[in-house]
Structure formats: C-alpha cells, structure tokens
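First listed ligand is number 1; within each ligand, the first listed atom is number 1.
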Amino acid sequence: MDAPIGIFDSGIGGLTIAKALVERLPRESLYYVGDTAHMPYGDKSPERLNAYASGIAQRLTQAGCKALVVACNSASSNALDAVRKVAGPNVPVIGVVEPVVQWAQAHHPQGTLSLIGTRATVQSGVYQTRMKAHGLALRTRATPLLASAIEEGFHNGTIPEAVVKAYFADGWAQDTDGLVLACTHYPLAMSLIQAQLPPAMPILDAPSIVAKEVARVLSDQHLLSVGEATSHRFEVTDWTRSFADGASHIMGSSIDLVQVEWSESYGSPGDWNQEA
Ligand code: DGL
C-alpha cells in the first residue's frame, strides 16, 4: 500500500476536506486525526495551537504519511510553520488558507469578500493579510459558537439557525462578492448559512478547492498513489458519540474510529499511546 496522506482538525470539520479528497483522489489512503480532546481550537492561544499541531504532525510523519493536510483554519492560520518544521523538507504540508485565497483572486479579481471563522483564525490576521496581498478586500466576523454546535451534531434545526441568524442579522456580508467559510466545520451547516445571504451570493467551496490543491502538489512531487486499494484510518484523541456518528454520516459509510491517548506535556509534542 502506498503511504497515506495525513490530515487533521480539532474534530469532525476536517472530514469535509477528507470527503473532498476521497472524491478527487480515490486511490489515496487517508490517515485522519481529530483532536477532540482539545476541541475547540478556535478559542486557543497561538502557543497552544502550535503545540497541538506539532504533536499531531509528529504522529502523522512518524506513521509514514507522504504529505500533511492541515484541515483546520485555526491551525493553518496559527501553526503552519510549526507543522512544516516537524514534517521536514520531504513531506509537503498543505494548509487551507492559501488555496482559498488564490482561488478567490482568480475568480473575484479586485473583489470584496466576506469571511466567517473562529476567533483564532480571524484574530491571526492571516486571511486579511493574504487577501490584501492578492488585491482583494475582506470583511471578517468571528463566529465562535458555531463550530462547537456543529461538532455536537447541531447542523440544522432551531439552535444553529438562531446562532447563524444572529451572526448575519446586521447584514454586514450582504453586498460582498462571496463568503469564505474559514472553518472546516461550517460547510456542514451550509444550508443555514446560505439562507442568511442574498440568493445569488456564492459561498466558496473550500473543501473542493483544497482537495484540488492537494492533488496538484502530489502530482508535482510525483507522490500520487499508483495502487488500487485504499483504506483510511480515523483516530480521535477523545472518543465521542457525536464524532463517531458525524464521521460515518459525512464519509457516507461506517468508519472504524480508534481512540488514541496523547499524554501531552504542554509545549512539546508529547507521547502517543493507542488504547486497546
Ligand atoms: N474546524 C476548525 C477550523 O477550521 C476548528 C474549529 C474549532 O475547533 O474551533 O478552524
């Protein structure tokens, strides 16, 4: 079997990217880590995000992953360099910010976009800086309640609807050229979010944009799998019913979920043990 692609998020959000990867690259095996013990990432400091992301990157590279996908905007905005450092020169690292910014520049040149994301993502200023560098204007809003509601399985219904409505009620995003969902959990509440926008306003399809970029990087570096069979591994740092149910729902088939224990020493990658 060819080496897997390592991919991680704080929880189920990164599975929106994993799903897009499986669709675009059906020969590839994925090794997914959901850091549910530390979810939500969106309210963590850059120091903590660097420590968590480095620890997971160490696990995935030691497991022989040929590339790493940081399927989390909070980690991509705050800890991409740390992940690259752990991965070393031979394992490409793809974050979720740059592919979306480049896509936005190509499809909305000189445009104005709106963006919702976690506090960690919005406060990092990374999207703001990169969009500006590409000649795009950006309006941002942190929407901290949304990822945890979605992780708990509230993708639709009155609770997340009320949260989404509250975040868009003042119409701040209305006249922009498109909305960036800068949190990988948010596509799971797509219909609720779309309902708050003018009908013709596009929402950027970040999972498929990122999957396309992963395919490009693997192809350029001659890392595409040539085998037929694929198998995926899904690990969480804390087993939760909502992750298990949500993951099977998103991936479209039941998955074997393995809990691993990360005996963390804060500030260093720590040691990992697999539970029996
Ligand atoms: N899905 C993550 C992101 O893209 C993080 C959500 C969270 O854990 O707060 O930022």
Open item on the list: Quick check: closest heavy atoms across W239 and Q259, and the distance to 0.1 Å?
Closed with: N-OE1, 2.7 Å
TODO: Quick one: sort the Y32 and F243 rings into parallel, tilted or perpendicular, breaks at 30° and 60°.
DONE: tilted
Task: Side-chain H-bond candidate by donor/acceptor type, N73 with Y127, under 3.5 Å - done: yes
Task: Polar side chain donor-acceptor pair, S225 to D2, under 3.5 angstrom - done: yes
Task: Spacing of T16 atom OG1 and D9 atom CG [to the nearest 0.5 Å] - done: 7.5 Å
- [ ] Measure the acute angle between the ring planes of H107 and W103, then classify it against the limits of 30° and 60° as parallel, tilted or perpendicular.
- [x] parallel
Open item on the list: Please output the residues near ligand 1 using a strict heavy-atom distance under 4.0 Å, listed in chain and residue-number order.
Closed with: D9, S10, M39, P40, Y41, G42, C72, N73, S74, T118, A147, C183, T184, H185
